[in-house]
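First up is the structure itself, then whatever we jot down about it.
Residue numbering restarts at 1 for every chain, and letters A, B, ... go by the order of the sequence lines.
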Amino acid sequence: MIVHHRHSWDVSYQEAAGLQERLREDLVLSGDARGVRIVAGVDVSCEKQGETLFAGVVVMDAVTFEIIEHAHHVALVSFPYVPGFLSFREGPAVLAAFEKLETVPDAVIFDGQGIAHPRGLGLAAHMGLLLGIPTVGSAKTRLVGEHGDVGQKRGSDTPLTHNGRRIGYVVRSKQGTRPIFVSPGHLISPEAAVKLVLSCTARYRIPEPVRQAHILVNRLRKESYQDR
DNA sequence: GCGACAG
DNA sequence: ATCTTGTCGC
């Protein structure tokens, strides 16, 4: 699919923070997940020596979970991991993978935060703006925000708030496992984001599209070791 | 100064 | 995230 790059990635932390605060103003935090027939999942794996990134995107039927298409991109690391600036590390590789994708999914789920971020622009939110389609953040751990206890049953959730604003939900995607942190990225509401994630989750804690993307990039990384 | 801190 | 063996538990 066509990706419109609207800014440079070669910036300092201070410039990146300012960019995030400006970009967040363009986010649309409304929209529902109804009608999502084709959903994509994204994940990135880092080579052990830490110089290469493997970005993968898996497109699947939102109902049957049948894989429709997948794409990936291998890139050299050009930005360190710094909490709050993940999109500047993984973003370029993720977008390159989307450029190789023919299918335009109805929504995309990322392995990371949406607006549940210090400046309201986590990976999923940032990518949503550049892709122009609904995106959701599904993180395995918390970055910012406060929340109460989550029920033990699958499907239970509790609000995640930050600076007095509801930025997402802590969701029990699977009974007996730690909850996941779901927040809207772009063109979707917090509630719809949770509905979409839960509809894509059944047997495992991680949403199936993201889980498949994780499997893809890990396979790619292992195969790269064989070539040495 | 101290603790927190997506992947 | 990655490194890394075995091991405790459903």
_Heavy atoms from other residues, nucleotides or ligands near CZ of A/Arg37 exceed 12 (cutoff 6.0 Å)_ =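 Counting neighbours around CZ of A/Arg37, 12 or fewer heavy atoms of other residues, nucleotides or ligands fall under 6.0 Å, so no.
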*May I ask you to list the residues sharing a hydrophobic cluster with A/Ile180, side-chain cutoff 4.5 Å, ordered by chain and number?*
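For the cluster that includes A/Ile180, the remaining residues are A/Val36, A/Val39, A/Phe54, A/Val58, A/Met60, A/Phe65, A/Ile67, A/Val74, A/Ile109, A/Val136, A/Tyr169, A/Val171, A/Val182, A/Ile188, A/Val194, A/Leu196, A/Val197, A/Leu198, A/Ile206, A/Val210, A/Leu216, A/Val217, A/Leu220.
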Between [atom1] of [X] and [atom2] of [Y], what distance do you get to the nearest 0.5 Å?
X: A/Thr52; Y: A/Arg221; atom1: OG1; atom2: CZ; result: 11.0 Å
X: A/His70; Y: A/Lys100; atom1: NE2; atom2: NZ; result: 12.5 Å
X: A/Thr161; Y: A/Arg166; atom1: OG1; atom2: CZ; result: 8.0 Å
X: A/Leu123; Y: A/Ser138; atom1: CG; atom2: OG; result: 11.5 Å

*For B/dA6, does OP1 or OP2 lie under 4.0 Å from any side-chain N or O of A/Lys140?*
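Indeed not, no polar side-chain atom of A/Lys140 lies that close.
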_Phosphate contact (B/dC5 OP1 or OP2) by A/Thr141 side-chain N/O below 4.0 Å_ =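 No, because none of the side-chain N or O atoms of A/Thr141 sits under 4.0 Å from OP1 or OP2 of B/dC5.
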May I have the distance from [X] (atom [atom1]) to [N] (atom [atom2]), rounded to whole angstrom?
X: A/His117; N: B/dG7; atom1: NE2; atom2: P; answer: 13 Å
X: A/Glu146; N: B/dA4; atom1: CD; atom2: C1'; answer: 12 Å
X: A/Ile206; N: B/dG7; atom1: CD1; atom2: C1'; answer: 12 Å
X: A/His126; N: B/dA6; atom1: NE2; atom2: P; answer: 19 Å
X: A/Asp111; N: B/dG7; atom1: CG; atom2: P; answer: 6 Å
X: A/Leu143; N: B/dA4; atom1: CG; atom2: P; answer: 14 Å
X: A/Glu90; N: C/dA1; atom1: CD; atom2: P; answer: 9 Å
X: A/Ile215; N: C/dA1; atom1: CD1; atom2: P; answer: 13 Å

*Mark yes or no for whether A/Thr135, through its side chain, and A/His186, through its backbone, hold a donor-acceptor pair below 3.5 Å.*
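Yes, A/Thr135 side chain to A/His186 backbone: donor-acceptor pair under 3.5 Å.
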*Could you pull out all residues at least two apart from A/Tyr13 that satisfy ring-ring contact (aromatic ring centres under 6.0 Å, His included)?*
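Expected list: A/Phe79, A/Phe85.
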*Aromatic ring centroids of A/Phe98 and A/His73 under 6.0 Å?*
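No, they do not, as the ring centres are separated by 6.0 Å or more.
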*If we ignore angles and hydrogens, is there a donor and acceptor under 3.5 Å between the side chains of A/His7 and A/Glu15?*
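A/Glu15 and A/His7 do not have a side-chain donor-acceptor pair below 3.5 Å.
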*Go through the side-chain N and O atoms of A/Arg205 and A/Ser173 and say whether any donor and acceptor fall under 3.5 Å apart.*
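Absent: no donor and acceptor within the cut-off.
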*Between B/dA4, C/dT2, B/dG7, spot the one nearest the side chain of A/Cys46, thanks.*
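Minimum distance to the A/Cys46 side chain belongs to C/dT2.
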_Starting the side chain at C-beta, find the nucleotide from B/dA6, C/dT2, B/dC5 nearest to A/Gln113._
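So the side chain of A/Gln113 is nearest to B/dA6.
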*Could you identify which residues of residues 72-89 of chain A place a heavy atom less than 4.0 Å from some atom of DNA chain B, listed by residue number, or say none?*
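Of all residues in residues 72-89 of chain A, the ones placing a heavy atom under 4.0 Å from DNA chain B are A/Tyr81, A/Pro83, A/Gly84, A/Phe85, A/Leu86.
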*Tell me the stems DNA chain C sits in, counting at least three consecutive Watson-Crick or G-U wobble pairs, each under 3.5 Å on both distances.*
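In DNA chain C, stems of three or more pairs: none.
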*In terms of side-chain geometry, is the basic nitrogen of A/Arg211 or A/Glu208 positioned less than 4.0 Å from the acidic oxygen of its partner?*
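Salt bridge: yes.
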*Got a salt bridge between A/Arg172 and A/Asp157, using NZ or NE/NH1/NH2 to carboxylate O under 4.0 Å?*
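Here A/Arg172 does not pair with A/Asp157 in a salt bridge, since their nearest N and O are not under 4.0 Å apart.
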*Dot-bracket notation for DNA chain B is requested: 5' to 3', Watson-Crick or G-U wobble pairs only, both distances under 3.5 Å, with ( ), [ ], | and . as defined.*
.......
Can you check nucleotides 5-10 of chain C for protein contacts, nitrogen or oxygen pairs under 3.5 Å, and list what you find?
none

*Considering non-hydrogen atoms only, spot the tightest contact between A/Ile115 and A/Gly185 and give its length.*
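Where A/Ile115 meets A/Gly185 most closely, the heavy atoms are CG2-O, 4.0 Å.
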